[in-house]
Protein chains: 2
Amino acid sequence: MAKPRPDTNSGTPNNAAQIGTQLRESRERFVALWGQMGAHWGIPRTMAEVHATLFIAGRPMNTDEIIDFLEISRGNASMTLRKLIDWGIVQRVHLRGDRKEYFQAEQDVWKLFRTILRERKKREVDPVLEELRQCRALTDGLAPRNSDDQQQLLGHNNRLNSMLTFLEMVADISAGLTNDAGAELQRAASTLSSATTEQAS
Amino acid sequence: MAKPRPDTNSGTPNNAAQIGTQLRESRERFVALWGQMGAHWGIPRTMAEVHATLFIAGRPMNTDEIIDFLEISRGNASMTLRKLIDWGIVQRVHLRGDRKEYFQAEQDVWKLFRTILRERKKREVDPVLEELRQCRALTDGLAPRNSDDQQQLLGHNNRLNSMLTFLEMVADISAGLTNDAGAELQRAASTLSSATTEQAS
DNA sequence: GCGAATTTTCAACTCGTTTTGAAAGTTCTG
DNA sequence: CAGAACTTTCAAAACGAGTTGAAAATTCGC
């Protein structure tokens with residue numbers, strides 16, 4: 001599945017300055033990219049950037065470090081970190097000997113996405129489903145007298161139903177991917193991935 | 001999988017006025033809901049609303065009808081409809097005897113979501129993957145002299161790699177779900193759905 | 001080809017979201 | 001318990017995505 005890729009940088013030892021520069025650029029581009037991507041998917045840019053910063057750092061950082069790195073205000077950092085903690089993808093840690101609060105991002109990518117999926121489902125999908133069911137209830141079981149009405153009603157109910165059925169299926173899959181039997185589903189998804197790519201020609 | 005649901009409205013014939021009212025409310029709530037949902041997922045509210053309007057109407061509508069229903073400007077309607085057409089989930093149709101252009105939404109929910117998936121993948125996922133690969137190239141194959149650098153580099157590359165691998169898998173799955181062997185994958189997804197819900201306890 | 005009907009474009013504007021920063025609150029330390 | 005270190009809050013400012021509407025462009029029928 002993984003294509004062999006050529007090493008892009010020389011195999012000869014590099015000096016520390018070089019490595020530092022490359023690392024810094026790599027981090028910065030990753031953070032920018034993540035922020036941009038978040039924006040496309042309805043996640044505030046800064047929130048995604050803070051998360052990316054913590055993720056790519058791979059170590060706990062305190063508020064000031066984040067403020068300096070991203071050049072954002074203290075208030076913004078505070079609020080954003082809180083949201084990330086609410087989402088469950090960043091944790092507070094207390095480093096002994098330091099009074100400041102530190103934050104670290106979940107490093108397991110699968111766990112990360114499961115968490116995000118669970119949160120978004122809970123907050124955004126489930127309420128939609130509920131409202132959609134109420135929508136259906138409005139016209140469900142109405143018995144029209146003339147055939148024109150009947151036609152309309154039938155179409156309408158069919159449309160609502162197919163949408164609802166589909167979304168319920170999506171919700172089911174999410175729920176399955178989300179419950180703590182995570183390893184199982186990781187396997188399942190990988191299988192699905194290879195299965196689908198093979199049949200794509 | 002589908003739970004039996006009780007009819008919520010009486011089984012006795014209803015008059016036309018009643019039905020009209022219920023239908024209108026159902027449509028309006030559906031449109032509002034869809035718009036709200038879109039907004040959560042990075043789709044402009046109006047764009048989602050226009051799509052919802054066409055979808056739930058189940059018949060071609062012209063620009064003016066849409067303008068009236070959603071109370072938006074002509075310019076807005078024009079641009080939004082174009083985006084929907086670009087996305088491939090709305091088509092232009094010409095009704096004989098009418099000079100106006102009409103628009104109709106894809107009615108097959110699966111096809112609809114496959115199209116959306118394909119578009120978003122192409123526009124938002126693939127570019128991210130590309131940039132992420134470039135990101136990795138920056139630090140890939142660097143050979144640090146001291147073990148501290150080595151440590152850092154190793155961690156960094158691991159993080160980038162796990163993220164990249166994961167996203168590539170997601171892209172693969174999307175591609176599989178997306179290619180025109182759609183029926184197959186519909187079956188696959190349903191299977192996954194029931195499989196995962198069964199194991200969830 | 002001309003004029004009416006219709007659609008598209010785009011600069012200005014609007015409005016909701018995000019960010020700021022200073023003030024208030026909290027928690028820790030001596 | 002007082003004072004310092006640090007965090008959170010929130011009203012106001014900045015910002016930008018989305019919207020408008022009138023003018024330009026296009027299309028169609030005669």
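Here is how names work: the chains are called A, B, and so on, in the same order as the sequence lines, proteins then strands, and each is numbered from 1. Computed from heavy atoms alone, side chains included, the values below leave out hydrogens, waters and symmetry copies.
A 4.5 Å side-chain heavy-atom check between A:Glu101 and A:Asn62 finds every atom pair outside the cut-off.
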Practice problem: Evaluate side-chain hydrogen bond (donor to acceptor under 3.5 Å, both in side chains) for B:Asn161 paired with B:Arg136, printing each intermediate quantity in order. | Solution: CA-CA 8 Å; B:Asn161 265 323; B:Arg136 178 175 66 185; 2.6 Å; yes
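Side-chain to base pairing of B:Arg74 with D:dT20: no donor and acceptor N or O lie closer than 3.5 Å to each other.
Between the C1' atom of C:dG21 and the CD1 atom of A:Ile67 lies a distance of 11 Å, rounded to the nearest Å. Taking atom CD of B:Glu101 as the reference point, atom C1' of D:dT26 lies 11 Å away to the nearest angstrom. In this structure, OH of A:Tyr102 is placed 15 Å from P of D:dA5, rounded to the nearest angstrom. Protein atom CZ of B:Arg45 is 14 Å distant from nucleotide atom P of C:dC15, rounded to whole Å. Distance, B:Leu81 CG to C:dT6 P: 16 Å, rounded to whole Å. Taking atom CG on A:Asp98 and atom C1' on D:dT7, their separation rounds to 14 Å, with Å as the unit. Atom pair A:Ile85:CD1 and D:dT8:C1' shows a separation of 12 Å (rounding to whole Å applied). Computed from coordinates, the B:Lys100 NZ to C:dT8 P distance equals 14 Å when rounded to whole Å.
Closest approach of A:His40 to B:Arg120, counting heavy atoms only: O-NH2, 2.8 Å.
From B:Ile89, atom CD1 reaches atom CZ of B:Arg118 across 12.0 Å, with rounding to the nearest 0.5 Å.
Each of B:Asn76 and A:Asn76 was matched to the nucleotide of DNA chain D holding its nearest heavy atom; the match closer to the 5' end belongs to A:Asn76. Place B:Glu71 and B:His94 on DNA chain D by their nearest nucleotides, and B:Glu71 ends up nearer the 5' end. Comparing A:Thr46 and A:Arg99, the nucleotide of DNA chain C nearest to each residue sits closer to the 5' end for A:Thr46.
Here the side chain of A:Arg92 is nearest to one of D:dT8, C:dT18, C:dT8, namely D:dT8. Among the nucleotides D:dT19, C:dT8, C:dT20, the one closest to any side-chain atom of B:Ser73 is D:dT19. Nearest nucleotide to the A:Met79 side chain, out of D:dC10, C:dT7, C:dC10: D:dC10.
Between A:Trp110 and B:Phe166, the two ring planes are perpendicular [angle over 60°; tilted spans 30° to 60°].
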